[in-house]
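We use all heavy atoms of the structure for the numbers below, so side chains are in, but hydrogens, waters and symmetry mates are not.
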Amino acid sequence: MTERYAVHDELEALTQRDRYRRAFLITLLAAVVLAMAAAVLWWRLHATQSAHVEKQTPPAESIAGMTQAMPQEPTGESVAAMPQAEVPIAPFQLSPQRMQSIGVQLGQVQYKPVSDEIRFYGNVQVNERRLAYVQTRFAGWIRQVHADATGEFVRKGQPLFTIYSPDLVTTEQEYLLAKKNQAALQQSSVVGVASGAESLFSAAKERLLQWQVPQTEIAKLDATGKVITDLSIDSPVSGYITEKNALANQYVQPETKLYTVADLSEVWVMAQVFQNDAGKIKPGDRAEVTVDAYPGRVFNARVDYLLPQVDMMTRTLPVRLVLANPGLKLRPGMYVNVKLKLSLGRQLVAPVSAVFHSGTRNLVFAYGGEGNIEPREVEIGTQVGDDLVITKGLRDGEQIVTSANFLIDSEAQLQAAAGAFMPPPPGAGAAAAMNTHAQTQANVDLTTDPSPPHKGSNVVRVKLTSGDGKSIAGAEVTVTFFMAAMPAMGMSAMKTVISASDKGGGTYEGQGELGSGGTWQVTVTATQNGQTIASKHLTLNATGGM
C-alpha cells in the first residue's frame, strides 16, 4: 500500500515539473518575438530620418562653394602668424562747437627744470661701523663689575669692571724689576750692560701695552712701584651697552666677549624702496628723515648703500642711509619717514592728462590750430608730480590736448576705420571727411585684376580724367586697402598700400598683396604738384577666405 502511494507522488511531481518547463518555454518565445518587433520598428524609423536628412543636405559641389565663400576660422598657427598691430589712426579736424561740447582743453609742451620726490619708510638701526666689543687679552677672574646692566650708557674711559690675572701680575713684577735694574745699571761702565737693561725694560712695558693695559695703570705702577692686582678695564667708546656677559667672580678667557657697546652718535636708517624707484637713487643722494616722536624735527641723511637683494614678498629694495644723531634722539628700532629729492635737470615735459594709453602705445593729440588734431605716438619717461617726461615724439612749445582724450581717440579710430588715411582738407570736419566719397577736381575709376580681387597678389588700375573727360597724366596715385580688426576671430587690423605708376593715357597701375579675403575699405588718392586732386573711398569684397 505504501509503495503505491510513493509511485503516485512521484508521478505527480513529474507532471508538475513538465508544467513549469512548458511555461518557461512559452515566456522565452514571447520575449524573443517582442525583441524582434522592436528591432524592426527601430530600423524603419532610422531609415526614415536618414532619407529626410539626405533630402536637406546639398550636393558636394554646393558644399565646396559654400566653404570657399564663407570666411574660414583662422587656425592657431595662422593667428599666431598674424601681426598684432593696433588700429591705425589719422589726423582729423573738429569744429569749435564740437570741441566745446566734448570739453577739449589745451596745454603746452615745454622744457623746464624737473625734480622728483620719493617718499618711503624705514627703521633706525645701530651703525655697525660704530660697534665696540670689550674683551681681555689675558685670562683671569673678574673681581668687581661697575657697568652691570644692559642698556646703560657709558662714556669713553669709564671703568667697566676690574680683573685679577696671575699672568698680568707676573708681567707687572717683571716690568718693575726691569725698571729697577735699568736705573741701577744706567751708569755701568761695562759695555752692553746699560743697553741690555734698557731693552729688558722696554720689552716688559711693550708686553703690558700689547695686553691693552691702560696708560693710567702703567703710570700708577711707575708712581707706586707696587704690583696692581685688580686691573680696571675701561670702555673704549661712548655709547649704550647692548650686550653684557660680565659677572663677578667669573673666570674669563681672551675669547670671551664681555660687553658690546654701540656708539649712537651716528646711526643707520634701513629704508624700503619700491623697485620701480630703485633706478632713481644712487649713493650720496641727500634725504630728510622725520619721526613722529619729534614733530617738526628734520634729520638730514645721505644714501650710503643700496643692498643687492629685492624682498620677494614686498617687491622692495633695502636702502641704507647714514645720519648724525645729535642728542641721541634716534633710538634703534624707531619707525621713521624718509623724503628723497632728486634733481633730473631740464626735461621736456607734458601734463599727465595729455598722454592717452592705447593698448601698447602712448598717444598725445597735438593741436595744430583751427580744430586740426594730429595723434602722435610718444615715448615717456619718469612721472614728476602732474607732469610726464617726454623722451620722443613732441617738440618744445607744441600745443596738445589735455582733456577728453578718450573721445578724441575714438574719433581718430573712426577716421581710420573709414579709410581716411590722408589728413582732411582745411575746413572739413571729421564726419565730412569720412562721408565724402570723391572730390570733384578729377574723376577716379578703379579696376582690379582679377576682378573681384582675391587673397594674394592683385593688380590695381586707376583711370584719372578731368571734368571734361580728358586724361590726367603726371599724378602720384596711391591705393590703400584697409580691413578693421576682428578681435572675436583673433585678427588684428590689416593695411596694404599700393603705389600706382603712370602708364600713359591717364592710366595708373600697381601691384600688391591682400592678406585675406573679405570686405576691404579702399581709398584712392591722387596728388599733383603737392595738391590733392582726387580722393575716392569705396568698398571691395575680396575672395579667397580669411
Kindly indicate, with the supporting measurements, whether the criterion side-chain contact (heavy atoms from CB on, under 4.5 Å) is fulfilled by His357 and Ile380.
CA-CA 11 Å; His357 304 283; Ile380 61 176; 4.2 Å; yes
I need the minimum non-hydrogen distance between Val104 and Ser403, along with the two atoms involved.
C-OG, 3.6 Å
Smallest heavy-atom separation, Leu348 atom then Leu394 atom, equals CD2-O, 3.5 Å
Between the side chain of Tyr175 and the main-chain N/O of Leu208, is any donor-acceptor distance below 3.5 Å?
no
Can you check whether Lys156's main-chain N or O pairs, donor with acceptor, with Ser238's side chain at less than 3.5 Å?
yes
Would Glu152 and Lys244 pass as an ion pair if we require N to O under 4.0 Å?
no
With a 4.5 Å limit on heavy-atom distance, are the side chains of Glu374 and Asn372 in contact?
no
Non-hydrogen atoms of Ala287 and Leu340 that approach each other most closely:
CB-CD1, 3.6 Å
Tell me if a side-chain donor or acceptor on Thr496 pairs with a main-chain N or O of Leu514 at a distance below 3.5 Å.
no
Check the pair Arg129 / Asp304 against salt bridge (charged side-chain N to carboxylate O under 4.0 Å, His left out), numbers first and verdict last.
CA-CA 12 Å; Arg129 301 189 181 103; Asp304 180 60; 3.6 Å; yes
So, does Glu217 use its side chain to make a donor-acceptor pair with the main chain of Pro214 at under 3.5 Å?
no
Quick one: sort the Tyr259 and Phe161 rings into parallel, tilted or perpendicular, breaks at 30° and 60°.
parallel
Taking Gln108 for its side chain and Gly397 for its backbone only, find out whether a donor-acceptor pair lies under 3.5 Å.
yes
Test item: Gln100 side-chain N/O and Ile102 main-chain N/O as donor-acceptor pair under 3.5 Å:
no
Measure the shortest side-chain to side-chain distance between Thr523 and Phe482 over non-hydrogen atoms and say whether it is less than 4.5 angstrom.
no
Are there more than 12 heavy atoms of other residues, nucleotides or ligands under 6.0 Å from atom OH of Tyr111?
no
Interatomic distance, Thr216 atom OG1 to Ile228 atom CD1 [nearest 0.5 angstrom]
8.0 Å
Any side-chain heavy-atom pair from Asn325 and Ser265 closer than 4.5 angstrom?
no
Output, in order, the C-alpha distance, side-chain angles, deciding distance and verdict of side chain to side chain donor-acceptor pair (under 3.5 Å) for Asp167 and Ser165.
CA-CA 5 Å; Asp167 294 336; Ser165 171; 4.8 Å; no
Can you label the angle between the Phe299 ring and the Tyr294 ring as parallel, tilted or perpendicular, going by 30° and 60°?
perpendicular
Nearest-0.5 Å distance, CG of residue Asp230 to CD of residue Gln144
8.5 Å
Does NZ belonging to Lys179 count more than 12 external heavy atoms closer than 6.0 Å?
yes
Is there a donor-acceptor pair under 3.5 Å between the side chain of Thr242 and the backbone N or O of Thr260?
yes
Under 3.5 Å donor-acceptor, Thr478 side chain and Thr525 backbone
no
